[in-house]
Amino acid sequence: MKKVATRFAPSPTGPLHIGGVRTALFNWLYSKNKGGKFYLRIEDTDKERSKDKFKNQIINSLKWIGINYEDSEYIQSKKMDDHVNVANELLEKGLAYKCYCSSNEIEEQKKRAKQKKIPYIYNRKWRNKSDSDAPKDIDPVIRFKSKIEGKSILKDLVQGNIEIENNTIEDFVILRADGSPTYNLSASVDDHLMGMTHIIRGDDHKINTFKQIQIHEAMNWKIPSFAHIPLIHTAEGKKLSKRDNASTLDDYSKIGIMPNALRNYLLRLGWSYKDKEIFNLDESIKYFNLEGIGKSPSKLDINRIYSINEHYIKNIDENDLFSFLKTYCETFKEKIPDAAEKKIKKSLHFLKNKAKTLEDIYENSKFLINDKIQINREDKKLIDETAIKIIKFFSDDINKLSDFSRETLQPIIDKLIKNNNTNFKGVGQPLRICLTGSKFGPGIFDILCSLGKEEVLKRLSQIR
RNA sequence: GGUCCCUUCGUCUAUCGGUUAGGACACAUGGUUUUCAUCCAUGAAAGAGGGGUUCGAUUCCCCUAGGGACCGCCA
């Protein structure tokens with residue numbers, strides 16, 4: 001049995017969206033599960049629309065989410081000669097032919113078909129004509145001689161057997177008038193050249209598959225296995241496209257979603273293994289299979305993304321969490337100063353408990369990142385006479401403390417509550433506001449301990 | 001319009017002919033709590049409709065309805 005080889009083959013004509021990432025993930029996991037190889041092929045034969053910017057974005061996206069590929073990227077445009085050669089070979093063998101129809105002529109036919117509401121299919125006009133009839137002023141395209149009789153059955157690994165009448169597939173163009181190869185030709189040739197054994201892609205490719213199989217057959221190549229996965233839909237139930245907002249990886253990373261969480265989410269979107277929800281990387285590889293892929297399209301659910309992210313925040317190793325946080329802050333917020341690093345690391349155990357995203361952690365650690373505390377006007381009103389008095393007493397009391405911990409602080413707070421005839425809020429709230437600039441946030445003891453005695457005294461002294 | 005595909009709680013899904021149709025997220029209610037959260041408990045919530053096949057269908061088949069994809073000298 002040949003070693004499994006899969007590939008992800010995006011065209012760099014726009015930002016990669018998470019549907020594409022999921023396709024890449026499935027291909028990658030499948031090959032890893034089988035101990036095979038996974039490749040990235042950049043389909044950049046459309047020179048007009050392909051942009052390096054998008055190519056880099058694709059590469060970075062895969063890197064971010066942890067999908068690695070063999071060798072360097074396979075650049076399709078570099079193989080165009082091979083594609084052209086195959087077209088010529090098919091031509092020589094009589095399995096393809098030159099079509100001299102002008103584009104106007106084709107357009108006319110399409111228009112007419114539309115008016116009559118009948119399906120347009122190229123009429124195979126030049127299929128059996130000889131070149132001697134050819135008009136001099138037209139550069140021909142090369143069309144593949146598709147099967148006309150009978151049916152084809154695609155044994156799809158996800159969708160089961162798909163049967164189609166051969167005559168519904170037209171004699172598609174494989175070489176343009178300018179001599180450049182088209183998608184179906186290039187993809188077929190490259191899949192063969194790269195030794196692909198399994199092609200896992202969106203089911204919007206199903207018709208292409210019938211065409212590509214025919215090219216493989218005509219060239220006597222081994223035909224890979226196919227798995228067409230349902231597309232991801234938007235909340236409105238339409239195919240997810242590059243133009244939808246919240247569709248690229250960046251849209252998620254910038255709100256503080258972690259790569260492993262998104263990977264887990266994408267894996268479970270349209271795929272399942274019993275009732276299991278959380279899959280770490282090893283488990284993803286271990287359990288992934290094609291049988292678990294559902295047949296119906298699934299919708300994106302941001303709540304689920306948050307929830308899985310939250311789970312990862314609370315359960316991964318704190319050193320890992322910190323490095324995700326560090327990268328996140330540096331990329332999207334502000335660099336965490338060295339001085340704050342230690343404090344945040346020490347505080348992660350409580351910071352993470354109130355966070356769904358890295359952004360939440362960042363928001364709650366601002367008081368550790370910045371020494372300057374900003375208090376808004378509303379909150380300032382809460383610091384009244386009594387509050388200032390309490391703060392003063394508190395400062396005096398902790399000043400005497402040699403051991404600064406929850407155990408030593410608790411009695412002080414209790415005493416203040418009693419002496420001032422108030423409740424916990426009466427003491428905790430002003431302290432929290434003065435120390436962090438916010439009414440909300442971590443528990444007051446957590447704030448106190450992570451700041452440390454000196455810093456607490458310093459911040460409180462600025463209020464009096 | 002043609003071809004092909006799909007259809008279980010709002011969402012992601014489990015079930016591979018016999019279940020009180022299960023789980024997770026979201027939602028609601030209650031509890032814990034030091035604000036915001038967390039956490040715990042409880043609750044509401046689904047087999048599109050109609051025919052078959054069968055002792056028995058969510059599960060197999062057919063029809064209808066709804067949804068989707070494709071129909072480029074783009075990929």
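Note that this is a predicted model, so its numbers are computed, not measured. Chain identifiers are assigned alphabetically (A, B, ...) following the order of the sequence lines, protein sequences preceding nucleic acid strands; residue numbering begins at 1 within each chain.
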Student: Using a 4.0 Å heavy-atom cut-off, does A:Arg112 contact any base of the nucleic acid, only the sugar-phosphate backbone, or nothing at all?
Tutor: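 If one applies the 4.0 Å heavy-atom cut-off, A:Arg112 turns out to touch nothing in the nucleic acid.
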Student: According to side chain to side chain contact (heavy atoms under 4.5 Å, CB included), who are the partners of A:Glu455, at least two apart in sequence or on a separate chain?
Tutor: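 A:Glu455: side chain to side chain contact (heavy atoms under 4.5 Å, CB included) contacts with A:Asp371, A:Leu451, A:Lys458, A:Arg459.
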Student: Looking only at atom C1', what distance separates B:U38 and B:U32, rounded to whole Å?
Tutor: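 11 Å, rounded to whole Å.
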Student: Of all of residues 418-442 of chain A, which get a heavy atom below 4.0 angstrom from RNA chain B, listed by number?
Tutor: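 By residue number: A:Phe424, A:Arg432, A:Lys439, A:Phe440, A:Gly441, A:Pro442.
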Student: With ring pair (Phe, Tyr, Trp, His ring centres under 6.0 Å) as the rule and sequence neighbours excluded, what pairs involving residues 161-190 of chain A come up?
Tutor: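 Matches after skipping sequence neighbours: A:Phe144-A:Phe172, A:Tyr183-A:His205.
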Student: List the atom pairs, with distances to 0.1 Å, where a side-chain N or O of residues 296-307 of chain A and a protein N or O form a donor-acceptor pair under 3.5 Å, not counting sequence neighbours.
Tutor:
{"unit_1": "A:Asp301", "atom_1": "OD1", "unit_2": "A:Asn303", "atom_2": "N", "d": "3.1"}
{"unit_1": "A:Arg304", "atom_1": "NH1", "unit_2": "A:Glu277", "atom_2": "OE1", "d": "3.4"}

Student: Could you state the atom-to-atom distance from NZ of A:Lys79 to P of B:A75 in whole Å?
Tutor: 18 Å
Student: Output all residues satisfying side-chain hydrogen bond (donor to acceptor under 3.5 Å, both in side chains) with A:Asp81, sequence neighbours left out; order by chain, then residue number.
Tutor: none
Student: Does OP1 or OP2 of B:C70 have a side-chain N or O of A:Lys239 closer than 4.0 Å?
Tutor: yes
Student: Can you tell me how far C1' in B:A37 sits from the matching atom in B:A46, rounded to whole Å?
Tutor: 32 Å
Student: Extract all donor-acceptor atom pairs below 3.5 Å that involve side chains of residues 154-163 of chain A and protein atoms in other chains or at least two apart in sequence.
Tutor:
{"unit_1": "A:Asp156", "atom_1": "OD1", "unit_2": "A:Val158", "atom_2": "N", "d": "2.8"}
{"unit_1": "A:Asp156", "atom_1": "OD1", "unit_2": "A:Gln159", "atom_2": "N", "d": "2.8"}
{"unit_1": "A:Asp156", "atom_1": "OD1", "unit_2": "A:His228", "atom_2": "N", "d": "3.2"}
{"unit_1": "A:Asp156", "atom_1": "OD2", "unit_2": "A:His228", "atom_2": "N", "d": "3.1"}
{"unit_1": "A:Asp156", "atom_1": "OD2", "unit_2": "A:His228", "atom_2": "ND1", "d": "2.5"}
{"unit_1": "A:Gln159", "atom_1": "NE2", "unit_2": "A:His228", "atom_2": "O", "d": "2.9"}
{"unit_1": "A:Glu163", "atom_1": "OE2", "unit_2": "A:Lys151", "atom_2": "NZ", "d": "3.2"}

Student: Does anything in residues 345-367 of chain A come within less than 4.0 Å of RNA chain B? Heavy atoms only, and list the residues if so.
Tutor: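 Per residue number, the list reads A:Asn353, A:Lys354, A:Lys356.
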Student: What is the per-nucleotide protein-contact pattern of nucleotides 10-16 of chain B, from the 5' end, where B denotes a base atom under 4.0 Å from a protein heavy atom, S denotes such proximity for sugar-phosphate atoms only, and - denotes neither?
Tutor: -SBSS--
Student: Under a 4.0 Å heavy-atom cut-off, which of residues 138-152 of chain A touch RNA chain B?
Tutor: A:Val141
Student: The criterion is side chain to side chain contact (heavy atoms under 4.5 Å, CB included); which residues satisfy it with A:Asp190, sequence neighbours excluded?
Tutor: A:Arg41, A:Tyr74, A:Gln76, A:Lys79, A:His83, A:Leu193, A:Met194
Student: Check RNA chain B against residues 42-53 of chain A and give the residues with a non-hydrogen atom under 4.0 Å, in numerical order.
Tutor: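 Heavy-atom cutoff 4.0 Å gives A:Glu43, A:Thr45, A:Asp46, A:Arg49.
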Student: According to side-chain hydrogen bond (donor to acceptor under 3.5 Å, both in side chains), who are the partners of A:His349, at least two apart in sequence or on a separate chain?
Tutor: none
